[in-house]
Asks: 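Once you've had a glance at the structure underneath, I'll fire off some questions.
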Amino acid sequence: KKSTQSKSLEAEVHWKMFLVKQIPLEKTFYSKVKRFLFEQRSRVLEKLHSSMSKDLSDEIYNEANEVRAMQKLVKPLYELSLKDGAGMAAEQVGNASFVFDPLDKDFLGYMEMRLTKIPRGMVTTIKEQLREGITEGITVGETVNELAERVKGIYNVASSRALTIARTESASSINAGRFIQLKKEGVKQHEWVTALDEVVRDSHKALKGSVAEIGEEFEYKGKGFSGKSDLKYPGDMDAESGNVINCRCVTVAVIEKGEE
């Protein structure tokens with residue numbers, strides 16, 4: 001068995017490898033989404049001056065078109081995240097012949113799930129906020145310029161959320177790629193590794209060093225927590241959002257001597 005010091009060093013190496021992939025993806029994701037929101041805001045403000053009905057949000061904001069546009073924008077980023085995660089998992093188990101297949105049903109299924117949820121969720125939220133804000137403004141007799149300020153406020157909030165979304169989606173998708181590939185490699189167990197800094201949430205500190213069967217939820221082993229978590233891997237989208245948002249943990253395959 002590996003010594004505690006050796007395991008800690010290996011965990012640190014894997015976490016730093018994860019960051020090498022995740023940080024650039026987060027930055028790209030954030031930049032693209034923020035730019036998309038800025039351009040969307042410009043379109044909305046331009047159209048705002050041409051109509052003053054209470055159903056204005058429908059006239060200036062085509063929800064279906066906006067969803068498709070955002071999906072097209074972020075799809076390559078999800079694919080790259082899954083590829084990076086799967087590649088790291090394959091490398092850990094010594095699979096030198098690994099080639100990522102974006103059409104593989106498991107990778108494709110995950111990507112389609114995220115593309116359905118995230119772009120639609122962001123677009124729908126903004127549409128509802130625009131409808132509510134513009135309706136309220138028209139009701140109280142605001143001018144076009146005052147309505148425009150409402151619109152800008154809505155997009156300022158959306159932009160502030162973009163970084164959280166970028167961090168969560170890039171990290172979760174990399175970890176999903178790792179998890180899917182570990183299953184494909186026939187790995188039986190993996191171990192939870194926390195981010196190596198002071199901002200790790202307490203519930204994830206309590207998972208540090210926990211070992212789970214692939215496909216099973218990790219069990220808490222730290223102070224103040226007991227029983228199973230709702231996480232099969234870091235960023236598991238079936239878990240509570242509070243256990244996923246901004247998570248930068250990873251897992252590493254447990255490989256006994258002789259299996260390598």
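Scope of the values below: all heavy atoms of this structure, side chains included, with no hydrogens, waters or symmetry mates.
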Asks: Please tell me whether Val252 and Val13 are part of a single hydrophobic cluster in this structure, the criterion being side-chain heavy atoms less than 4.5 Å apart.
Replies: yes
Asks: Can you name the nearest heavy-atom pair linking Arg248 to Phe18, along with the distance?
Replies: O-CE2, 3.6 Å
Asks: Could you report the tightest heavy-atom contact between Met17 and Met88, atom names first, then the distance?
Replies: O-SD, 3.8 Å
Asks: To the closest 0.5 Å, what do you measure between CG (Asp84) and CD (Glu79)?
Replies: 11.0 Å
Asks: Below 4.5 Å, heavy atoms only, C-beta onward: do Leu37 and Val33 meet side chain to side chain?
Replies: yes
Asks: According to ring-ring contact (aromatic ring centres under 6.0 Å, His included), who are the partners of Phe36, at least two apart in sequence or on a separate chain?
Replies: none
Asks: Has Tyr61 got a side-chain atom pairing as donor or acceptor with Val123's backbone, closer than 3.5 angstrom?
Replies: yes
Asks: Does the pair Lys83 and Phe107 meet the rule for a side-chain contact (heavy atoms from CB on, under 4.5 Å), with working shown?
Replies: CA-CA 9 Å; Lys83 179 181 178 181; Phe107 293 120; over 6 Å; no
Asks: Check ring-ring contact (aromatic ring centres under 6.0 Å, His included) between Phe225 and all other residues, then give those that pass, not counting sequence neighbours.
Replies: Tyr220
Asks: State plainly whether one hydrophobic cluster holds both Leu108 and Phe98, where clusters connect Ile, Leu, Val, Met, Phe, Trp and Tyr through side-chain heavy atoms under 4.5 angstrom apart.
Replies: yes
Asks: Show which side-chain atoms of residues 174-184 pair as donor or acceptor with protein atoms under 3.5 Å away, not counting sequence neighbours.
Replies:
unit_1, atom_1, unit_2, atom_2, d
Asn175, ND2, Ala171, O, 3.3
Asn175, ND2, Cys249, O, 2.9
Arg178, NE, Thr251, O, 3.4
Arg178, NH2, Thr251, O, 2.6
Gln181, NE2, Glu185, OE2, 2.9
Lys184, NZ, Asp104, OD1, 3.2
Lys184, NZ, Asp104, OD2, 3.0
Lys184, NZ, Asp106, OD2, 2.8

Asks: Would you say Tyr110 and Ser81 make side-chain contact, with heavy atoms under 4.5 Å?
Replies: no
Asks: Carefully, step by step, assess Leu115 and Met70 under the rule side-chain contact (heavy atoms from CB on, under 4.5 Å).
Replies: CA-CA 9 Å; Leu115 285 173; Met70 182 170 277; over 6 Å; no
Asks: Side chains of Asn95 and Ser97: any donor to acceptor distance under 3.5 Å?
Replies: yes
Asks: Rounded to the nearest 0.5 Å, what's the gap from CG on Leu80 to CZ on Phe29? Could you check?
Replies: 11.5 Å
Asks: With side chains defined as the heavy atoms from C-beta onward, is the minimum distance between Asp236 and Asp230 less than 4.5 Å?
Replies: no
Asks: Which heavy-atom pair separates Ser173 from Leu82 by the least distance, and what is that distance?
Replies: O-CD2, 3.4 Å
Asks: Which heavy atom in Val200 sits nearest to a heavy atom in Ala195, and how many Å separate them?
Replies: CG2-O, 3.0 Å
Asks: Check this for me: does any side-chain nitrogen of one of Glu63 and Arg131 sit under 4.0 Å from a carboxylate oxygen of the other?
Replies: no
Asks: Treating Ser159 as the side-chain partner and Lys34 as the backbone partner, does any N or O pair qualify as donor plus acceptor under 3.5 Å?
Replies: no
Asks: Listing request: all ring pair (Phe, Tyr, Trp, His ring centres under 6.0 Å) pairs with a residue in residues 113-156, at least two apart in sequence or in separate chains.
Replies: none
Asks: Are Arg35 and Glu39 ion-paired here, with the side-chain N under 4.0 Å from a carboxylate O?
Replies: yes
Asks: Name the orientation class of the two ring planes belonging to His190 and Phe218 (parallel below 30°, tilted from 30 to 60°, perpendicular beyond 60°).
Replies: tilted
Asks: Has Lys117 got more than 12 heavy atoms of other residues, nucleotides or ligands less than 6.0 Å from its NZ?
Replies: no
Asks: For a side-chain contact (heavy atoms from CB on, under 4.5 Å) check, start with the C-alpha distance between Ile165 and Met122, then their side-chain angles and the critical distance, and finish with the verdict.
Replies: CA-CA 10 Å; Ile165 292 170; Met122 288 189 69; 3.6 Å; yes
Asks: Are Ile23 and Val193 connected into the same hydrophobic cluster when the rule is that any two of I, L, V, M, F, W, Y join if their side-chain heavy atoms are below 4.5 Å apart?
Replies: yes
Asks: When rounded to the nearest 0.5 angstrom, what is the spacing between CG in Leu207 and OG1 in Thr194?
Replies: 9.5 Å
Asks: Give a yes or no on whether Val74 and Phe100 share a hydrophobic cluster (residues Ile, Leu, Val, Met, Phe, Trp, Tyr; joining criterion: side-chain heavy atoms under 4.5 Å apart).
Replies: yes
Asks: Please report the shortest heavy-atom distance between Leu73 and Lys32, naming the atom on each side.
Replies: CD2-O, 3.4 Å
Asks: May I ask you to list the residues sharing a hydrophobic cluster with Leu163, side-chain cutoff 4.5 Å, ordered by chain and number?
Replies: Tyr30
Asks: Where do Arg120 and Thr116 come nearest, in terms of heavy atoms and distance?
Replies: CB-O, 3.1 Å
Asks: So do Asp202 and Lys205 actually touch side chain to side chain, heavy atoms under 4.5 Å?
Replies: yes
Asks: Is a donor on one side and an acceptor on the other found under 3.5 Å between the side chain of Ser160 and the backbone of Val157?
Replies: yes
Asks: Is a side-chain N or O of Glu146 found less than 3.5 angstrom from the main chain of Thr143, in a donor-acceptor match?
Replies: yes
Asks: Roughly how far, to the nearest 0.5 Å, is the NZ atom of Lys232 from the CD atom of Glu213?
Replies: 13.5 Å
Asks: What I'd like to find out is whether the side chain of Val187 reaches to under 4.5 Å of the side chain of Val93, using heavy atoms alone.
Replies: yes
Asks: What pairs of residues pass the salt bridge (Lys or Arg N to Asp or Glu O under 4.0 Å) test when at least one of them lies in residues 150-171, not counting sequence neighbours?
Replies: Glu26-Arg167, Arg114-Glu169, Glu136-Arg150, Glu142-Arg150, Glu149-Lys152
Asks: Keeping Ser210 on the side-chain end and Glu219 on the backbone end, is there a donor-acceptor pair under 3.5 Å?
Replies: yes
Asks: Without swapping roles, check the side chain of Glu191 against the backbone of Val254 for a donor-acceptor pair under 3.5 Å.
Replies: no
Asks: What's the separation between atom CD in Gln71 and atom CE in Met111, rounded to the nearest 0.5 Å?
Replies: 11.5 Å
Asks: If you group Ile, Leu, Val, Met, Phe, Trp and Tyr by side-chain heavy-atom gaps below 4.5 Å, do Leu130 and Val144 land in one group?
Replies: yes
Asks: How long is the straight-line distance from CG of Leu77 back to OG1 of Thr28, given to the nearest 0.5 Å?
Replies: 6.5 Å
Asks: Run the numbers on Leu19 and Gln22 for side-chain contact (heavy atoms from CB on, under 4.5 Å), then give the verdict.
Replies: CA-CA 5 Å; Leu19 287 187; Gln22 188 271 326; 4.1 Å; yes
Asks: Side chains of Arg43 and Glu66, heavy atoms from C-beta outward: is any pair under 4.5 Å?
Replies: yes
